[in-house]
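Read the structure below first, then the notes.
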Amino acid sequence: MNVLLVEDEPRVSDFIDRGLRAENHGVTVASSGSEGVDLAKTGEFDVIVLDLMLPDMHGYDVCQRLRLEGDHTPILMLTAMDTLEDKIKGLRVGADDYLAKPFDFDELLARIEALVRRSRNFAPRSNVLQVSDLVLDRDLLEVKRGGEEIKLTAKELAILELLMGAPGRVFSRTRILNQVWGYSEDPLTNVVDVYIARLRRKIDTPGREPLLETVRGHGYRLRASA
C-alpha cells in the first residue's frame, strides 16, 4: 500500500511511519492540511490517514475539500476527539473510518488494510489457497504440495496461511509474531525464524522449486509464482 499520513505531531507521525514501513508499505508524511491536500491530488495513494487538529486547517475541512474535488481515496480519521458527535461529523464530511488516540498500531494497520480491500473490491475470502502446486484447504486444515499431503503443526499452518493469503508480499518477523502468537515482542528472540525453518523443510523438499523465501533485513514471503 501507499499511505498518505497527514499528521503534524512528530512523535505520532514517526511512530506510524516506522510501523507502516516495517510492514513494507510506502508512506508519505504531510505536516499540514494544505500540504496533505496538494499531495492527495497526485492520486498516488491507496489510503489517507488524517489527523483532525492540524496547524493550518481542520481535518474536517481537508476531508470535505478532497471529497468536493472528486477524490475518493479511503480516509481514516485519527484524532483525540472521540465523542460520538465528532465521529458522526467526520463520517458525514466524507471519512470512511475513525480511530481515536491513543490507539494500538495493529488496530490501525487492520483498519487501513480493511479500507484498502474494500476500495479495491477484493474477492471474498476463499476457503482454498493455492500458490504454485502448494494448496491449503482452510476447511479441512489440510496442506498438499503436488498432491502429496504435508503434516503441519497448528503454528506452522497459521504461518503458512498468512503467507499464502498474500503471495509475493513480505511479512516482517514482528507481523508474523503478532498474527500467529499474539505477541508485540519476541520473548524467545528467534521463535519466528525457528518455525520458518521447520516450515521450509516441509514444503520445500529436495527436488521441488523453493517457494518460501527470506528477504534479508525485512522478513519472509511465498513466491507469487514458481
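Reckoned from all heavy atoms, side chains included, excluding hydrogens, waters and symmetry mates.
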Donor + acceptor pair across side chains of Thr214, Arg200 (<3.5 Å): yes
For the student: nearest non-hydrogen atoms of Leu66 and Ala40, plus distance: CD2-CB, 3.7 Å
Candidate pair Leu108 and Leu76, rule side-chain contact (heavy atoms from CB on, under 4.5 Å), full reasoning: CA-CA 9 Å; Leu108 172 67; Leu76 170 64; 3.3 Å; yes
Candidates Leu160, Val128, Leu152, Leu163 - the one meeting side chain to side chain contact (heavy atoms under 4.5 Å, CB included) with Leu136: Leu160
Over 12 foreign heavy atoms within 6.0 Å of NZ, Lys202: yes
Min side-chain heavy-atom separation Leu99-Glu107 under 4.5 Å: yes
From Glu35 atom CD to Leu54 atom CG, the distance as rounded to the nearest 0.5 Å: 10.5 Å
Nearest atoms (heavy-atom pairs only) where Asp8 meets Met53: OD1-O, 3.2 Å
Where Pro74 and Asp96 come nearest, the two heavy atoms and their spacing: CA-OD2, 3.2 Å
Worked verdict on Leu211 versus Leu134 for side-chain contact (heavy atoms from CB on, under 4.5 Å): CA-CA 9 Å; Leu211 292 178; Leu134 181 66; 3.8 Å; yes
Candidate pair Arg21 and Asp17, rule side-chain contact (heavy atoms from CB on, under 4.5 Å), full reasoning: CA-CA 6 Å; Arg21 290 184 186 279; Asp17 185 19; 2.6 Å; yes
Spatial distance of atom CG (Leu199) from atom CD1 (Ile203) [nearest 0.5 Å]: 4.5 Å
Partner residues of Glu148 under the side-chain contact (heavy atoms from CB on, under 4.5 Å) criterion, sequence neighbours left out: Arg208
Gap between atom CG of Asp46 and atom CD1 of Ile112 - 0.5 Å precision: 10.5 Å
Non-hydrogen side-chain atoms of Val215 and Arg221 separated by less than 4.5 Å: yes
Pairwise ring pair (Phe, Tyr, Trp, His ring centres under 6.0 Å) hits with a residue in residues 33-76, at least two apart: His58-Tyr60
Arg169/Glu113 salt bridge by N-O under 4.0 Å criterion: yes
Min side-chain heavy-atom separation Glu23-Met1 under 4.5 Å: no
Qualifying residue for salt bridge (Lys or Arg N to Asp or Glu O under 4.0 Å) with Arg111, from Asp97, Asp104, Asp106: Asp97
same_hphob_cluster(Val170, Val3) at 4.5 Å side-chain heavy-atom cutoff: no
Parallel, tilted or perpendicular: ring planes of Phe15 versus Phe103, cut at 30 and 60 degrees: tilted
From CA spacing to verdict: salt bridge (charged side-chain N to carboxylate O under 4.0 Å, His left out), Arg65, Asp61: CA-CA 6 Å; Arg65 182 171 168 182; Asp61 297 325; over 6 Å; no
Min side-chain heavy-atom separation Ile75-Cys63 under 4.5 Å: yes
Any Val143 side-chain heavy atom under 4.5 Å of Leu157 side chain: yes
Side chains of Tyr220 and Asp193, donor plus acceptor under 3.5 Å: yes
Joint hydrophobic cluster, Val194 plus Val180, side-chain heavy atoms closer than 4.5 Å: no
Nearest atoms (heavy-atom pairs only) where Leu50 meets Gly59: CD2-O, 3.4 Å
Side chains of Val37 and Lys41 in contact at under 4.5 Å (non-hydrogen atoms): yes
Rounded distance [0.5 Å steps], CD in Glu7 versus CD1 in Ile16: 6.0 Å
Set of side-chain contact (heavy atoms from CB on, under 4.5 Å) partners for Leu162, sequence neighbours left out: Phe171, Ile176, Gln179
Close side-chain approach of Leu212 to Arg223, heavy-atom, < 4.5 Å: no
Distance (rounded to the nearest 0.5 Å) between Leu78 CG and Asp51 CG: 6.5 Å
Side chain proximity check, Val62 to Val6, heavy atoms < 4.5 angstrom: no
Rounded distance (nearest 0.5 Å) linking atom CG of Leu52 with atom NZ of Lys101: 8.5 Å
Shortest non-hydrogen contact from Leu115 toward Arg118: CD2-NH2, 3.0 Å
Whether Arg145 side chain and Ile150 backbone form a donor-acceptor pair below 3.5 Å: no
Heavy-atom pair with the smallest gap, counting every atom of Val131 and Met164: N-CE, 3.8 Å
Main-chain N/O of Gly33 paired with Asp56 side-chain donor or acceptor, under 3.5 Å: yes
Short N-O contact, Glu149 and Lys144, less than 4.0 angstrom: no
